[in-house]
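Written below as structure tokens is the structure these notes are about.
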Amino acid sequence: MSDQAPFRVHILTLFPEMFSSVFSASMLGRAREKGLLDIRLTDIRAFSLCKHHNADDYPFGGGAGMVMMAQPVADALREASRDLPAAKKIYLGPRGRQLTTSLARELAREDALILLCGHYEGVDQRALDACIDEEISIGDYILTGGELAAMVLVDCVARFIPGVLGSQDSPEEESFSDGLLEYPQYTRPRIWEGVETPEVLLSGNHARIAAWRRRESLAATQRLRPDLLLSAPLSDTDRKILRELEAEEMPKEESPHVS
Ligand code: 4H7
């Protein structure tokens, strides 16, 4: 248990059963047990006023699929808002602002979040216009529903809630926080299938290890995501290492080579 008030997330969906394993396992499960994260789920169908509890209907203008009706969605959002009046109301959809580390850090500073998951062809635009503060996308690809996007957002935001990561870890130390890709990791056994762990990691020399890791981060970023180097904060030493790596990668024309 913790004395800090939990970060509250209320998720509205037609498929609440999709969330149980993701929110019970590993770090998110532990964060909830520790009282750092309070996740509520509402089945939008419960707000349907129809005989058969439908919350979707055919699209006006025709076309394939179903559209989630304005009334049950808006009623569900308004009830969630009465409970969490300061919460930011987010719709997960492909037209939204893209989720990044910096957006996740911002969202973790909100009082609470209400997440609306669209399914089928999405939600009637009038309910979105009346109730939603912001649409967020987890990336440029299409999903069958907003539920997986909501899970990704909660996972990503939870890492910025104090106490969710172990006391050793800092969310700022990892990839995309310092603007570089991560260095490779090794654990026992020291030799696996004949492949050795880099000797430096067994040296116990913390300065050498830190220097090796920084070099590996720079090398991976240069090779795999050179675009990140344009905005990463780099020291003079970093720039010198990058020039060395570049020279290794691209040997000079006149340098001798084995054929
Ligand atoms: C809201 C609006 C999120 C939710 C539209 C959701 C990608 C993302 C959805 C849709 C999502 C993301 C309607 C988009 C049907 C696809 C064929 C559910 N897809 N749909 N279209 N990138 N899908 O964050």
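Atoms within each ligand, like the ligands themselves, are counted from 1 in listed order.
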| task | Starting at CG of L92, measure out to CD of E135 and round the result to the nearest 0.5 Å. | result | 8.5 Å
| said: Please list all pairs meeting salt bridge (charged side-chain N to carboxylate O under 4.0 Å, His left out) that have one or both residues in residues 92-102, counting only residues at least two apart or in different chains. | reply: R97-E106, R97-E134
In a simple table, one pair per line, please give the protein and ligand 1 atom names for every N or O pair closer than 3.5 Å, along with the distance.
residue: ligand 1; atom: 19 (N); partner: L143; partner atom: N; Å: 2.9
residue: ligand 1; atom: 22 (N); partner: S137; partner atom: OG; Å: 3.2
residue: ligand 1; atom: 22 (N); partner: G139; partner atom: O; Å: 2.8
residue: ligand 1; atom: 22 (N); partner: Y141; partner atom: O; Å: 3.1
residue: ligand 1; atom: 23 (N); partner: L143; partner atom: O; Å: 3.0
residue: ligand 1; atom: 24 (O); partner: I138; partner atom: N; Å: 2.8

Which donor-acceptor pairs under 3.5 Å do the side chains of residues 120-127 make with protein atoms, sequence neighbours left out?
residue: D124; atom: OD1; partner: R126; partner atom: N; Å: 2.9
residue: D124; atom: OD1; partner: R126; partner atom: NE; Å: 3.0
residue: D124; atom: OD2; partner: R126; partner atom: NH2; Å: 2.7
residue: Q125; atom: NE2; partner: D129; partner atom: OD1; Å: 2.9

| request: List for me each residue that meets side chain to side chain donor-acceptor pair (under 3.5 Å) alongside D38, sequence neighbours excluded, and say none if there are none. | output: R8, R40
| said: Ignoring hydrogens, what is the shortest heavy-atom contact between L28 and A158? Give both atom names and the distance. | reply: CD2-CB, 3.5 Å
| Side chains of L148 and V22: closer than 4.5 Å at any heavy-atom pair? | no
